[in-house]
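Notes follow once the structure below has been shown.
Treat the numbers as computed from the prediction; the structure is a model and nothing was measured.
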Amino acid sequence: MKTAAILQHHMFVVEQEEYVKEGIDWVMVDFGMDLAAAIIMFEKPMGIWAILEEESLFPKATDKSFEEKLKASLGKLPVFLKPASKTDKNAHFGVSHYAGVVNYNVTSWLEKNKDPVNETVVELFKSTSSCQLLRHLWRDH
């Protein structure tokens, strides 16, 4: 199991135990470990983040091409669902885990992921930093 899944599960359990210690009226919730499947879907080699990164590199990629790649790569996973949002009729897919189904709208994800670094900032890093590592990291930019 991925470290993130173990950490999140641990944090949910520890947090609930803390509520009980503090005397908060709380009924323990068993989140199970089904969060792991959703995390793996995001992090796997051709998971959501990898597909987003790949599509962001292609100038002609669109929200639609990104959505289609997600569905082609992840559509058979039991945690990757068709959208069923009452609040966002434009949602493109849903993810099922202990909290229920969370719907996602991928509009503008590609544009937001590009987030270029300002060239002036890069030049400052390369020319004025007294940190050799910083200059080295930005040398080819």
Once you round to the nearest 0.5 Å, how far does [atom1] of [X] lie from [atom2] of [Y]?
X: Leu52; Y: Leu57; atom1: CG; atom2: CG; answer: 9.5 Å
X: Glu17; Y: Glu15; atom1: CD; atom2: CD; answer: 10.5 Å
X: Thr62; Y: Glu68; atom1: OG1; atom2: CD; answer: 7.0 Å
X: Phe66; Y: Glu54; atom1: CZ; atom2: CD; answer: 10.5 Å
X: Leu70; Y: Met46; atom1: CG; atom2: CE; answer: 9.0 Å

On a heavy-atom basis, which atom in [X] and which in [Y] lie closest, and how many Å separate them?
X: Ala91; Y: Ser85; value: CB-CB, 4.1 Å
X: His92; Y: Glu67; value: CD2-OE1, 3.2 Å
X: Thr107; Y: Asp63; value: CA-OD2, 3.5 Å
X: Asn113; Y: Ser56; value: ND2-OG, 2.8 Å
X: Gly47; Y: Leu74; value: CA-CD2, 4.2 Å

Inset, instruction - Please check if atom NZ in Lys82 has more than 12 non-hydrogen atoms from other residues, nucleotides or ligands closer than 6.0 Å. - result: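 Count not over threshold, so no.
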
Inset, instruction - Check the surroundings of atom NZ in Lys86: do more than 12 heavy atoms from other residues, nucleotides or ligands lie under 6.0 Å from it? - result: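 No, the 6.0 Å shell around NZ holds no more than 12 heavy atoms from other groups.
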
[X] with [Y], same ILVMFWY side-chain cluster at under 4.5 Å:
X: Val27; Y: Val14; result: no
X: Leu77; Y: Ile48; result: yes
X: Leu81; Y: Trp109; result: no

Legend entry - Test item: Leu110 and Phe58 side chains (from C-beta on) under 4.5 Å apart, heavy atoms: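 No, side chains not in contact.
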
Legend entry - Flag for Asn103-Asp88: side-chain donor and acceptor within less than 3.5 Å: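 Per modelled atom types, Asp88 and Asn103 side chains form no pair under 3.5 Å.
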
Legend entry - Presence of salt bridge, Glu123 and Lys126, under 4.0 angstrom: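 So Lys126 pairs with Glu123 through a salt bridge.
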
Legend entry - Parallel, tilted or perpendicular: rings of Tyr104 and Phe93 (30°, 60°):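 Rings of Phe93 and Tyr104: parallel, as their planes differ by under 30°.
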
Legend entry - Short side-chain to backbone donor-acceptor contact, Ser65 and Ala61, under 3.5 Å: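 Flag not set: sc Ser65 to bb Ala61 has no pair under 3.5 Å.
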
